[in-house]
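Structure first, commentary second.
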Amino acid sequence: MSSTNCKKPLWALVDCNNFYASCEKLFRPDLAARPVVVLSNNDGCIVSRSAEAKALGIPMGAPEFKIRPLLRELGVEVFSSNYALYGDISTRILAILERHCPLVEPYSIDEAFLRLDAPLRANLPEFSRALRDIILRWTGISVSIGLAETRTLAKVANYVAKSRAAYGGVFSLARPEAEIDAVLARTPVGEVWGVGRRQVKRLHAEGVCTALDLKRAGDLWLRKRLTVAGWRTALELRGLPCIGEDNTPVPRKALMSSRSFAHKVRKREMLAQALSCFAARAGARLRRESLVAGGMAVHIRTSRHESARFYDQTLQVRFPEPTADSHALIHAALQGLERIYRPGFGYAKAGVMLFDLEDRERLQARLLAAEDPARQRRRERLMDSLDAINRRFGRDAVTFGAQGLGEAPWHMRREHCSPRLTTDWKELPLARC
DNA sequence: TCTGGGGTCCTAGGACCC
DNA sequence: TCTGGGGTCCTAGGACCC
């Protein structure tokens, strides 16, 4: 690593291999060498595949119902997604990373960037391999680590680390530019972070096929064809950090809660129940993050995949004053529904989005004069008790009447769900010895 | 029958103001 | 009656990420 300038920051991208599928294998040693896939919400399509499933040619993103015969024929184990489990494992891995590196940027449920300064820079390969071993030993999850001077290059390095077993799950692009370029020349442009499927086609038509082509494209062309976003990506490939550099955490701007339904929903009352439920969940998240919302967008739609007439409608409701009160949110959702509901359609999905979020404390200071403070405090205390009960006894232990009770057609399909092995006492695995 | 959810960022275009 | 240019704000739509 003597070739790299130690003054420049160095980034490591730690990425869990086949994360959801790996989590499902953790407590099922019988599945260790078996092909496993995990489905999206509502058992929609494949979002994670174990190495064995990939080797069998199971395609990523395929709708489950279309390849069900193939899955059965190949003996693939199928799981619904179990976010309670994945979220918990993710938290454990993050804790390990934070123990070993002072600057960790969580990026997604299965990825984090680490900024490596001296003295971690001194023994980069050793540090990376040790980190990988510890995570594997302490959690059972195998990760890949890519190292480079920008986050985009670290992503490329990670892609390379995953590509060949010989690299042992670690690959560094902190090396002379000619060597970086040799790697970029072998990297398809579609693998570059920030280049999506839509752009790949256009880029190919213009002769930009590899990451190296993108790096070497002209600035004017990049800005014109790919907007500043694409230009920044190219700069990052040139070793110039410019993505995610302003390290101030960005406050959240919006919050969504929506779901596809297990079965088509025709009745207004059922949609009302579903939307009430989404509004209540969104409210709980608002309160957990000490936020209030200025308005809500209510959304319902039929399926895009049918020849029948497509109906897709969104309505925005602005609150009289910003709130995190579930009563008010449910009321707004139902009001919105009244305006956009049309009978005669089989609805496939609904949801609410809360926008104009702001800090609860800041609002309170402003509002103190405006509203009857006693009434406001009463309402807040009610929500606090509700949240406390649900924290203690599980989500939906106490709900609003508008949310309905029991099984409903709008609940999501989860036919292959594993137990919440690490987050629920009742579902803890038993070991006999 | 059955094809996810939750977000961010960027641009273009219109309205409005000076 | 003539009628430019620049700035800001908002919204819709598209693209991307995992």
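Keep in mind that the numbers below use all heavy atoms, side chains included, and drop hydrogens, waters and symmetry copies. Labels below follow one simple rule: chain letters A, B, ... track the order of the sequence lines, proteins then strands, and each chain is numbered from 1.
- Atom C1' of nucleotide dG14(C) and atom CZ of Arg198(A) are separated by 8 Å, given to the nearest angstrom.
- Applying the Watson-Crick and G-U wobble criteria (two distances, each under 3.5 Å), dC16(B) pairs with dG7(C).
- There is a side-chain donor-acceptor pair under 3.5 Å between Asn18(A) and Lys54(A).
- Using modelled atom types and a 3.5 Å distance limit, the side chains of Ser108(A) and Asp110(A) yield a donor-acceptor pair.
- A sub-4.0 Å separation between OP1 or OP2 of dC2(B) and a side-chain N or O of Lys264(A) is present.
- Note on Ser260(A): a side-chain N or O is less than 4.0 Å away from OP1 or OP2 of dG5(B).
- Side-chain polar atoms of Ser326(A) and Arg287(A) form a donor-acceptor pair below 3.5 angstrom.
- Distance, Ile109(A) CD1 to dG4(B) P: 19 Å, rounded to whole Å.
- Phosphate proximity of dG7(B) to Arg252(A): present, with a side-chain N or O under 4.0 Å from OP1 or OP2.
- Taking only side-chain nitrogens and oxygens, Arg285(A) comes nearer than 4.0 Å to OP1 or OP2 of dG7(B).
- Asn17(A) and Ser144(A) form a side-chain donor-acceptor contact under 3.5 Å, judged by distance and modelled atom types alone.
- Among the protein residues, Ala254(A) comes within range of the sugar-phosphate backbone only, with heavy atoms under 4.0 Å from sugar or phosphate atoms but none that close to a base.
- Nearest to the side chain of Gln199(A), among dG4(B), dG6(B), dC16(C), sits dC16(C).
- The CZ-C1' distance, from Arg223(A) to dC9(B), rounds to 14 Å in whole Å.
- In this structure, the nucleotide among dG4(B), dC9(B), dC18(C) sitting nearest to the side chain of Lys253(A) is dC9(B).
- Across all strands, Glu111(A) comes closer than 4.0 Å only to sugar-phosphate atoms, never to a base (heavy-atom distances).
- Within the 4.0 angstrom heavy-atom criterion, no nucleotide atom of any strand lies near Ser81(A).
- Within the 4.0 Å cut-off from OP1 or OP2 of dG6(B), at least one side-chain nitrogen or oxygen of Ser258(A) is found.
- Between dC18(C), dT11(B), dG4(B), one nucleotide has an atom nearer to the side chain of Val228(A) than all others, and that is dT11(B).
- Of the candidate nucleotides dG4(B), dC18(C), dC10(B), dG4(B) has the atom nearest to the side chain of Ser40(A).
- Side-chain N/O atoms of Trp410(A) and Gln273(A) include a donor and acceptor closer than 3.5 Å.
- Taking atom C1' on both nucleotides, dG4(C) is separated from dC16(B) by 16 Å, rounded to a whole Å.
- Note on Val352(A): nothing from the nucleic acid sits closer than 4.0 angstrom, heavy atoms only.
- Remark: Lys349(A) is not in phosphate contact with dG6(B), judged by side-chain N or O atoms under 4.0 Å from OP1 or OP2.
- When rounded to the nearest whole Å, the span between CZ of Arg49(A) and P of dC18(C) equals 14 Å.
- Using a 4.0 Å heavy-atom distance criterion, Arg68(A) is classed as a base contact.
- Asp110(A) comes within contact range of the sugar-phosphate backbone alone, with a heavy-atom separation under 4.0 Å but no base atom that close.
- Sequence order on DNA chain B of the closest nucleotides to Arg232(A) and Gly61(A) puts Gly61(A) first from the 5' end.
- Across Gly244(A) and Arg151(A), no two heavy atoms sit closer than the pair O-NH2, 3.0 Å.
- Distance NZ (Lys155(A)) to P (dC18(C)): 4 Å, rounded to an integer number of Å.
- dT3(C) sits 15 Å from dC17(B) when the C1' atoms are compared, rounded to a whole Å.
- Toward the 5′ end of DNA chain B lies the nearest nucleotide of Lys66(A), the other residue of the pair Leu255(A) and Lys66(A) mapping further downstream.
- Val200(A) pairs in a side-chain contact (heavy atoms from CB on, under 4.5 Å) with only one of the listed residues (His204(A), Arg197(A), Arg198(A)), which is His204(A).
- Between the CD atom of Glu105(A) and the P atom of dC17(C) there is a distance of 18 Å, rounded to whole Å.
- Between the C1' atom of dG4(B) and the CZ atom of Arg413(A) lies a distance of 13 Å, rounded to the nearest Å.
- Atoms CZ (Arg301(A)) and C1' (dG5(B)) sit 11 Å apart, rounded to a whole Å.
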